[in-house]
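Input: a single structure, listed below in structure tokens.
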Amino acid sequence: MRFHWLPTLSEPFDRSQELETCIRRLWTLSGSACEAEHNKSMDMGNQHPSISRLQEIQKEVKSVEQQVVGFSGLSDDKNYKKLERFLTKQLFEIDSVDTEGKGDIQQARKRAAQETERLLKELEQNANHPHRIEIQNIFEEAQSLVREKIVPFYNGGNCVTDEFEEGIQDIILRLTHVKTGGKISLRKARYHTLTKICAVQEIIEDCMKKQPSLPLSEDAHPSVAKINFVMCEVNKARGVLIALLMGVNNSETCRHLSCVLSGLIADLDALDVCGRTEIRNYRREVVEDINKLLKYLDLEEEADTTKAFDLRQNHSILKIEKVLTRMREIKNELLQAQNPPELYLSSKTELQGLIGQLDEVSLEKNPCIREARRRAVIEVQTLITYIDLKEALEKRKLFACEEHPSHKAVWNVLGNLSEIQGEVLSFDGNRTDKNYIRLEELLTKQLLALDAVDPQGEEKCKAARKQAVKLAQNILSYLDLKSDEWEY
């Protein structure tokens, strides 16, 4: 094949003419490419105004998406109404865009409207989620408790009762068990509520535990009278702060209380204590009390500006998860081993070490971390109990001897419980699973079998049956714990 611009062998070869032809062709191709790029740029610059407007609206909608996803309040909150108004306004803006009957603009407007409606729906779902309502109902119980027991206390009433302390503990425990399903909005709502209630509990406990040898006598120095006055004001502020945190005081604001407390510190700083160590220490104690109260006023802002509500990256939780991971590895090795007795001693030793690691986990005054550690300890201890029972059954086989029929019946039940406990350790489901129902029925049957054992006055049989009943109940509780779908 010959290219028509190349000379044939019979023709004289002219290099200059050939070079000129190649340059001309390259110039033509380059010009075509430049023209195409220019036309593309012109098309982008000449985008239809309706499309441009829709893109602007979508950008504005996108700017509030994270606020909607993380919204943790209720439908009567100011921020909810603000976001709802904003998104509704964008819908009206989208609807007002003229499509001029063009299909591409109609499709663009439809997509923009769908995205805005999706965010509106998510905002509504976050505010009205059943678990969000559950959190609010529990918080309202705490409000009633504070209104009834604590507000009168700071207004000169009697001391804080055990009933209040038990009530607050129960409320905190119930909040830690509210399921969030990993939703950011629910995690934030639970964290905010727990933070407030735990702060109130901490303020009261700190106040009740403190047994100062102060206030000093006003005869010691003129400045003592001023410090005593400030300390009284701090006690009043403590009650106001609790009422503010729990939302039972509408006549005060955090900003005003912060100004009052800061003013008290300024008054104390201005005092001349004349180098008296006991007065200086007295003043320092009162200043420390004020600073503690000021710290609690920052709770709301801290909760919104940090990721503290997301415990998945919390250092303590990561340590707990590391322990649980190793515990599961040991469990799988035991359940799958061909000769488990060889692993009993080393496994128990390592599991005891894991218990020690859990004891060192910092709770950070967070009830969710406390609950996570409690459950992890139960997981490890259950596996240790399983090994102990297996070892006891193995020893019984080696040293068979005559025994009371009732005692033998208890050991038979313990053998059955050992097999069931192995299945419970491997169980990974919820309470609607058929396997859960089957395991629950098996454990109930063993409890009934133990109830039917007649010790016939044998104290040893009575003690053995009592221990077996306790073990069966613990395995049943552990099965419930594994199936309740709790999360941080």
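Owing to the predicted nature of the structure, the values given are computational and were not obtained by experimental measurement.
Salt bridge annotation for Glu233-Lys236: present, with a cationic side-chain nitrogen under 4.0 angstrom from a carboxylate oxygen. Arg174 and Asp170 are joined by a salt bridge, as a carboxylate oxygen and a charged side-chain nitrogen come within less than 4.0 angstrom of each other. Between Lys121 and Glu124 there is no salt bridge, since no side-chain nitrogen of the basic residue lies less than 4.0 Å from a carboxylate oxygen of the acidic one. Using a 4.0 Å cut-off between charged side-chain N and carboxylate O, Arg118 and Glu115 make a salt bridge. Under the 4.0 Å criterion applied to side-chain N and carboxylate O atoms, Arg465 and Asp454 are not assigned as salt-bridge partners. Salt-bridge check for Arg431 with Glu440: failed, with every basic side-chain N at 4.0 Å or more from each acidic carboxylate O.
Asn339 places no side-chain N or O within donor-acceptor distance of the main-chain N or O of Glu342, the cut-off being under 3.5 Å. Checked by atom type and distance alone, the side chain of Lys226 never pairs as donor or acceptor with a backbone atom of Leu268 at under 3.5 Å. The closest donor-acceptor contact from the side chain of Lys331 to the backbone of Leu425 lies under 3.5 Å. Formation of a donor-acceptor pair under 3.5 Å by the Arg132 side chain with backbone atoms of Leu74 is not found in this model. A donor-acceptor contact shorter than 3.5 Å links the side chain of Ser63 to the backbone of Glu60. Panel note: side chain Ser418, backbone Leu414; no donor-acceptor pair is recorded below 3.5 Å. The backbone N or O of Ile387 lies less than 3.5 Å from no partner atom in the side chain of Lys348, so there is not a single donor-acceptor pair. With hydrogens and angles ignored, the 3.5 Å screen pairs a side-chain donor or acceptor of Thr382 with a backbone N or O of Ile378. A donor-acceptor pair under 3.5 Å is formed between the side chain of Asn430 and the backbone N or O of Thr432. With Gln143 contributing its side chain and Met246 its backbone, the two residues share a donor-acceptor pair below 3.5 Å.
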Exercise for the section: Using the salt bridge (charged side-chain N to carboxylate O under 4.0 Å, His left out) rule, take Arg375 and Asp484 through it: C-alpha gap first, then chi angles, then the decisive distance, then the call. Expected result: CA-CA 12 Å; Arg375 296 168 79 94; Asp484 67 2; 2.6 Å; yes
Practice task
Test side chain to side chain contact (heavy atoms under 4.5 Å, CB included) on Phe71 and Ile184 and set out the steps.
Solution key: CA-CA 8 Å; Phe71 179 75; Ile184 292 175; over 6 Å; no
Handout entry: side chain to side chain contact (heavy atoms under 4.5 Å, CB included) evaluation trace for Glu140 with Leu145
Key = CA-CA 9 Å; Glu140 287 175 3; Leu145 202 57; over 6 Å; no
Exercise for the section: Check step by step if side chain to side chain donor-acceptor pair (under 3.5 Å) holds for Glu202 and Tyr296. Expected result: CA-CA 10 Å; Glu202 190 178 326; Tyr296 292 116; 2.8 Å; yes
Exercise for the section: For Ile138 and Ile135, run side chain to side chain contact (heavy atoms under 4.5 Å, CB included): C-alpha distance rounded to whole Å, both residues' side-chain angles, the deciding distance at 0.1 Å, then the answer. Expected result: CA-CA 5 Å; Ile138 295 173; Ile135 290 170; 5.9 Å; no
Handout entry: salt bridge (charged side-chain N to carboxylate O under 4.0 Å, His left out) between Glu423 and Arg438, intermediate numbers included
Key = CA-CA 11 Å; Glu423 290 191 60; Arg438 182 183 68 83; 2.3 Å; yes
Practice task
Would you sort out whether Leu363 and Ser316 count as a side chain to side chain contact (heavy atoms under 4.5 Å, CB included), showing the intermediate values?
Solution key: CA-CA 7 Å; Leu363 299 180; Ser316 296; over 6 Å; no
Problem - From CA spacing to verdict: side chain to side chain donor-acceptor pair (under 3.5 Å), Tyr80, Asn126 - result: CA-CA 10 Å; Tyr80 177 91; Asn126 286 349; over 6 Å; no
Problem - Chi angles and distances behind the salt bridge (charged side-chain N to carboxylate O under 4.0 Å, His left out) call for Lys81, Glu84 - result: CA-CA 5 Å; Lys81 297 181 185 303; Glu84 186 183 40; 6.0 Å; no
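What you find for Leu123 and Val68 is that their closest heavy atoms are N-CG1, 3.7 Å. Arg396 and Lys408 make their closest contact through NH2-CG, 3.9 Å (heavy atoms, listed as atom of the first residue, atom of the second, distance). Scanning all heavy atoms of the two residues, the minimum distance from Val380 to Leu351 falls at CG1-O, 3.5 Å. Across Asn128 and Ile133, no two heavy atoms sit closer than the pair O-CG1, 4.1 Å. The nearest pair of heavy atoms linking Ser362 to Ile369 is O-CG2, 3.7 Å. Residue Ile172 comes nearest to Pro367 through the heavy atom pair CG2-CB, 3.4 Å, listed as atom of the first residue, atom of the second, then distance.
No side-chain donor-acceptor contact under 3.5 Å links Asn291 and Glu288. With no hydrogens or angles considered, a side-chain donor-acceptor pair links His177 and Glu371 at under 3.5 Å.
Using a 4.5 Å cut-off on side-chain heavy atoms (C-beta onward), Asp428 and Lys482 make no contact. With contacts defined as side-chain heavy-atom distances shorter than 4.5 Å, the pair Ser72/His192 qualifies. You'll find the side chain of Val146 reaches within 4.5 Å of the side chain of Phe164, heavy atoms only. In this structure, the side chains of Glu134 and Lys179 stay at 4.5 Å or more apart for every pair of heavy atoms. At a threshold of 4.5 Å between non-hydrogen side-chain atoms, the residues Val410 and Cys461 do not count as touching. By the 4.5 Å heavy-atom criterion applied to side chains, Leu91 and Leu120 are counted as neighbours. The side-chain heavy atoms of Leu417 and Leu443, taken from C-beta on, include a pair separated by under 4.5 Å. Contact check for Phe139 versus Ile171: no side-chain heavy atoms found under the 4.5 Å cut-off.
For Lys390 and Tyr344, the positive end is not near the middle of the six-membered ring at less than 6.0 Å and at most 45° from its axis.
Atom-to-atom distance recorded for Leu442:CG and Gln421:CD is 13.5 Å, nearest 0.5 angstrom. The CG atom of Asn435 sits 8.5 Å away from atom CG of Leu479, with the distance rounded to the nearest 0.5 Å. Here the CD atom belonging to Glu165 is positioned 8.5 Å from the CD1 atom belonging to Ile204, to the nearest 0.5 angstrom. Atom CG of residue Asn332 and atom CD of residue Glu329 lie 8.0 Å apart, to the nearest 0.5 angstrom. The distance from the CD1 atom of Ile290 to the CD1 atom of Ile265 is 5.0 Å, given to the nearest 0.5 Å. Atom CD in Glu117 sits 10.5 Å away from atom CG in Leu119 (nearest 0.5 Å).
Within a 6.0 Å radius of NE2 in His404, other residues, nucleotides and ligands contribute more than 12 heavy atoms. Counting heavy atoms of neighbouring residues, nucleotides and ligands inside a 6.0 Å radius, atom CD of Glu122 exceeds 12 of them. Within 6.0 Å of CG on Asp76 lie more than 12 heavy atoms contributed by other residues, nucleotides or ligands. The number of heavy-atom neighbours closer than 6.0 Å to CG of Leu345, taken from other residues, nucleotides and ligands shown, is 12 or below.
By the 30° and 60° cut-offs, the orientation of the rings of His407 relative to Trp411 is perpendicular.
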